[in-house]
Amino acid sequence: MNTPRALMAPLLLAPVLAFAQAAPLTVCMAEDNPPFSMARKGQVTGFDVKLAEAVARELGRELKLMPFEPEVEKEAMLTHEVNAMLSAGLCDLASGFPLLASDLGPPTRERFKTPDHPGAKPPRERPFVPLGTLVSSQPYQGTALVIVQRAGAPAAASLGDLKGRKVAAVAGTLEGTLVAMYGGGTLAKDMVSLGQREDVWAALDSGRVDALMVPSAAFDTHRARKPGTTLQAGPARPLGINLGWVALSSKADLLEAVNRVVARASASGELQVWAREAGLSWQAPSVPAVTGTLSLAGLLRD
């Protein structure tokens with residue numbers, strides 16, 4: 001008995017459709033960005049992983065994680081690196097992306113090479129990837145700065161409280177700029193300049209500096225690595241930059257699943273539980289969701 005041609009096409013397409021439906025959801029994450037994501041011995045852990053697992057369940061797809069190594073000293077390149085990973089088809093989504101208007105939408109460069117990642121060729125052998133248009137999810141985490149001091153030091157709720165103390169200023173960082181500019185140079189007399197490769201925690205523990213300002217997530221990471229630390233952080237000051245997920249505009253539908261998971265987990269308190277399990281001090285996202293420009297004047301205001 002011959003099968004009618006009208007029935008052959010669906011039969012032939014069935015395996016293809018089944019494969020497409022079973023394709024893993026691949027998420028790119030920075031390999032050394034604890035407590036958000038960290039790759040060690042082939043395993044990726046962190047707050048972003050918890051969220052990625054929930055998004056994969058929402059879509060009914062297996063999860064595949066793709067850690068990559070951003071160029072830490074060239075943070076302005078992060079948007080191009082993430083775009084290249086997505087545009088090369090190495091992942092469907094990327095987590096932990098700072099939601100800045102200048103980094104979303106059409107790319108400012110036509111092509112870019114992917115950063116280091118599992119299976120990558122040596123940098124010189126990697127091709128330049130044509131970049132696509134980046135779109136973002138709603139934010140799932142805000143950012144904040146905290147002042148860290150040794151136990152027993154007078155409490156400091158703002159930079160103004162640090163006058164007369166040795167305050168660290170790490171060159172090339174936002175927090176270092178804030179220390180240097182605060183009060184028209186009020187802290188400059190006692191400011192201690194540090195390089196980006198220096199151990200700021202050792203400088204604080206040894207007494208080389210009395211206080212430092214860091215992103216709250218950086219202090220979370222230090223506490224996780226040194227559970228017995230007696231260093232203490234002051235109140236968190238929102239930075240006004242949120243973190244979200246990004247995809248190419250051609251896969252914007254995937255971000256709807258991210259938004260559903262974030263909204264549901266935030267309302268139930270599960271998002272905060274995931275953060276606590278990862279050792280992260282969860283910060284509520286600020287308004288607006290996507291920041292146009294970062295106001296130094298606002299951050300310098302007590």
Side-chain angles (χ1 to χ4, degrees), residues 32-38 45-48 72 96 98 141-183 185-243 269 271-286 294 296 298-302:
D32 191 20
N33 186 34
F36 295 100
S37 54
M38 181 173 64
T45 58
F47 179 49
D48 285 2
V72 178
Q141 168 80 8
T143 56
L145 296 173
V146 292
I147 294 172
V148 182
Q149 303 181 95
R150 290 185 296 279
S158 70
L159 286 173
D161 295 330
L162 298 178
K163 188 174 180 180
R165 305 186 211 176
K166 295 177 292 183
V167 187
V170 180
T173 65
L174 172 62
E175 52 272 23
T177 301
L178 292 175
V179 170
M181 293 179 60
Y182 180 79
T186 300
L187 304 177
K189 180 176 177 292
D190 299 300
M191 187 177 73
V192 178
S193 296
L194 299 176
Q196 290 191 28
R197 294 185 179 276
E198 291 191 67
D199 188 338
V200 295
W201 306 111
L204 186 55
D205 284 330
S206 67
R208 181 182 172 192
V209 299
D210 299 322
L212 54 86
M213 175 178 274
V214 294
S216 60
F219 185 52
D220 290 337
T221 300
H222 179 69
R223 288 190 301 184
R225 289 173 175 169
K226 291 195 173 181
T229 182
T230 58
L231 299 179
Q232 298 179 345
R237 182 177 187 126
L239 186 52
I241 299 176
N242 296 318
L243 300 180
L271 196 66
Q272 292 85 336
V273 171
W274 294 338
R276 187 166 58 249
E277 290 175 347
L280 173 69
S281 299
W282 188 75
Q283 301 289 331
S286 56
L294 185 62
L296 284 177
L299 292 171
L300 288 167
R301 195 179 304 119
D302 282 339

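Values in this document were obtained by computation on a predicted structure and should not be read as measured data. Heavy-atom basis, side chains included; hydrogens, waters and symmetry copies ignored.
Taking CG from L178 and CE from M213, the interatomic distance works out to 6.0 Å, rounded to the nearest 0.5 Å. The distance from the CG atom of L162 to the CG atom of L212 is 9.5 Å, given to the nearest 0.5 Å. For the atom pair CD1 (I241) and CG (L174), the distance works out to 7.0 Å, reported to the nearest 0.5 Å. Here Q283 contributes atom CD and L243 contributes atom CG; the two are 10.5 Å apart, rounded to the nearest 0.5 Å. Note that NZ of K166 and CG of D190 are 9.0 Å apart. Values are rounded to the nearest 0.5 Å.
None of S216, P235, S281 except one satisfies the side-chain contact (heavy atoms from CB on, under 4.5 Å) rule with V146; the exception is S216.
Applying the side-chain contact (heavy atoms from CB on, under 4.5 Å) rule to P35 yields the partners A217, D220, T221, L280; only residues at least two apart in sequence or on another chain are considered. Among residues two or more places apart in sequence or in another chain, the salt bridge (charged side-chain N to carboxylate O under 4.0 Å, His left out) test is passed with R225 by D32. Annotation: salt bridge (charged side-chain N to carboxylate O under 4.0 Å, His left out) contacts of D48 (sequence neighbours excluded): none. Every residue meeting the side-chain hydrogen bond (donor to acceptor under 3.5 Å, both in side chains) condition with E277, not counting sequence neighbours, appears here in chain and number order: K50. Looking at residues two or more places apart in sequence or on another chain, you find a side-chain contact (heavy atoms from CB on, under 4.5 Å) between A180 and M191. Residues satisfying the ring-ring contact (aromatic ring centres under 6.0 Å, His included) test with F36, not counting sequence neighbours, are none. Applying the side-chain contact (heavy atoms from CB on, under 4.5 Å) test to A278 and every residue at least two apart in sequence or in another chain returns F47.
Residue pairs meeting the side chain to side chain donor-acceptor pair (under 3.5 Å) criterion with at least one member in residues 141-152, sequence neighbours excluded: Q141-W282, Q149-R165, R150-D210.
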Kindly list each side-chain donor-acceptor pair under 3.5 angstrom involving residues 199-209, sequence neighbours excluded, with atom names and distances?
| from | atom 1 | to | atom 2 | distance (Å) |
| --- | --- | --- | --- | --- |
| D199 | OD1 | W201 | N | 3.0 |
| D199 | OD1 | A202 | N | 3.0 |
| S206 | OG | A202 | O | 3.0 |
| S206 | OG | A203 | O | 3.2 |
| S206 | OG | R208 | N | 3.4 |
| R208 | NH1 | E198 | OE1 | 2.8 |
| R208 | NH2 | E198 | OE1 | 3.4 |

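Among all heavy-atom pairs drawn from A144 and A236, the shortest one is CB-CB, 3.9 Å.
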